[in-house]
Participant: 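First, the structure itself, so that you have it in front of you.
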Amino acid sequence: MKMILLLMLIIGLTSAFVGSLVGLGGGLIFVPALLFLAEYFEAFDWVNPQNVVAMSLLIMIFTGLSSTLTYLKNNRVDIYSGLIFLIGSIPGALVGVWLNRYVEIESFELYFGILVLFLASLFFVKDYLLKYARNQQGKDKKFYIHRSFELNGDTISYSFSIIVGIFIAFFVGLISGLFGIGGGSLMVTSMILFFSFPAHIAAPTSMFMIFVSSIVSSSAHIIAGHLVWSYALLAVPGAWLGGVLGAKLNQRLNGQVVEWILRILMIIIGLRLIL
């Protein structure tokens, strides 16, 4: 029992720390970690796509809350944009939870790995996507949101289409409910690549969205009876601490460093899941 307690604390802390640092929410670490443990430890033979996703989403409530509170102290969260994205991501999350019931563990790992590698590949065409995003921006466009933030003494401005943002957020929510990754990997990628969000605003805003959407999708999994409470609660203290530490470190790192950490992690995890 002591070993299980220690493992769950470490997984909760590590996944939340990394997730908060780059705006992933932690599911991108938490889910593969439990799938890995299920292969080598009998104590984790209960793991399947349904309960591991349910547990990941519950943990991300605490990760999202602790990191969002930390980011808010330094005015890094674009709450207005986040609320607009949530209009799409919450219904998408519920659809994802429904689809999750029909997924087997072997196909789950394969599709999850392919998704992660696809997201990582987008960063290597970032310059082209950003150029397209800037060309689409304009003060005369209808249904566009224009935002400005003060970062380290500089004013950062960006804008995005409300319709496109809600559509992408719906897909992000669907992936979140289906794979239990919080949608952060997709949302941060989309905000940086398609809407020109600075990394230091995209990650905190993503964590705010993850906190809200995880409450909804986690509740749906709990109602469906997918959550293994005895294991999930063991990871909560680590998730809370990891969320705070990751948020604090994010504010000290250069934006490009945060992006490269995100790329490398996604490539490693994606390959591991597929192989």
Side-chain angles (χ1 to χ4, degrees), residues 8-34 47 49-73 76-79 82-83 85-98 100 169 172-188 202-248 250:
M8 294 305 297
L9 282 172
I10 292 174
I11 293 172
L13 175 64
T14 305
S15 60
F17 174 77
V18 175
S20 178
L21 176 64
V22 294
L24 298 178
L28 203 62
I29 304 294
F30 191 88
V31 173
L34 286 186
V47 169
Q50 288 71 44
N51 54 41
V52 74
V53 168
M55 188 178 300
S56 175
L57 290 169
L58 178 71
I59 297 303
M60 280 187 290
I61 295 176
F62 298 94
T63 305
L65 177 59
S66 63
S67 56
T68 297
L69 292 175
T70 304
Y71 283 127
L72 282 172
K73 293 178 182 178
R76 296 292 180 95
V77 183
D78 187 346
I79 295 179
L83 290 174
F85 293 140
L86 283 168
I87 294 173
S89 67
I90 290 178
L94 294 175
V95 173
V97 171
W98 177 76
N100 175 267
V172 168
L174 189 151
I175 296 299
S176 171
L178 179 59
F179 291 108
I181 60 175
S185 50
L186 269 171
M187 204 64 227
V188 172
T205 303
S206 171
M207 293 309 301
F208 164 69
M209 291 178 58
I210 284 168
F211 165 60
V212 178
S213 62
S214 292
I215 293 175
V216 176
S217 49
S218 177
S219 298
H221 275 290
I222 291 172
I223 293 172
H226 294 160
L227 192 64
V228 183
W229 285 100
S230 58
Y231 282 77
L233 295 177
L234 294 177
V236 168
W240 181 273
L241 178 60
V244 173
L245 295 176
K248 289 184 176 180
N250 172 281

Participant: Mind listing the closest non-hydrogen atom pair of Ser213 and Ser89 along with its distance?
Facilitator: CB-OG, 4.4 Å
Participant: List the atom of Ser67, the atom of Met207, and the distance in Å for their closest heavy-atom pair.
Facilitator: OG-CE, 3.2 Å
Participant: Using the rule side chain to side chain contact (heavy atoms under 4.5 Å, CB included), only one of Leu69, Thr63, Thr68 pairs with Leu65; which is it?
Facilitator: Leu69
Participant: What are the two closest heavy atoms between Thr205 and Asp78, and how far apart are they?
Facilitator: OG1-N, 3.0 Å
Participant: Go through Met209 and Ile90 one step at a time and tell me if the side chain to side chain contact (heavy atoms under 4.5 Å, CB included) criterion holds.
Facilitator: CA-CA 9 Å; Met209 291 178 58; Ile90 290 178; over 6 Å; no
Participant: Applying side-chain contact (heavy atoms from CB on, under 4.5 Å), can you list everything that pairs with Ile79, at least two apart in sequence or on another chain?
Facilitator: Leu72, Val77, Leu83, Phe208
Participant: Does Ala54 have any side-chain contact (heavy atoms from CB on, under 4.5 Å) partners at least two apart in sequence or in another chain, and if so, which?
Facilitator: His221, His226, Leu227
Participant: List the residues meeting ring-ring contact (aromatic ring centres under 6.0 Å, His included) with Trp229, not counting sequence neighbours, and say none if there are none.
Facilitator: none
Participant: Measure the shortest side-chain to side-chain distance between Gln50 and Val97 over non-hydrogen atoms and say whether it is less than 4.5 angstrom.
Facilitator: no
Participant: Closest heavy-atom contact between Met8 and Tyr231?
Facilitator: CE-O, 3.4 Å
Participant: Can you list everything that forms a side-chain contact (heavy atoms from CB on, under 4.5 Å) with Ile215? Sequence neighbours excluded, please.
Facilitator: Ile61, Phe211, Ser219
Participant: Nearest heavy-atom pair of Gly238 and Ala16: which atoms, and what distance?
Facilitator: O-CB, 4.4 Å
Participant: State which residue, out of Leu58, Ile59, Leu57, fulfils the side chain to side chain contact (heavy atoms under 4.5 Å, CB included) condition with Ser214.
Facilitator: Leu57
Participant: Any donor and acceptor pair, going by atom type alone, linking the side chain of Ser66 with main-chain N or O of Phe62 inside 3.5 Å?
Facilitator: yes
Participant: By side-chain contact (heavy atoms from CB on, under 4.5 Å), which residues pair with Lys248, not counting sequence neighbours?
Facilitator: Thr70, Val244
Participant: Check Ala235 against Phe30 and note the closest heavy-atom contact, atom names and distance.
Facilitator: CB-CE1, 4.1 Å
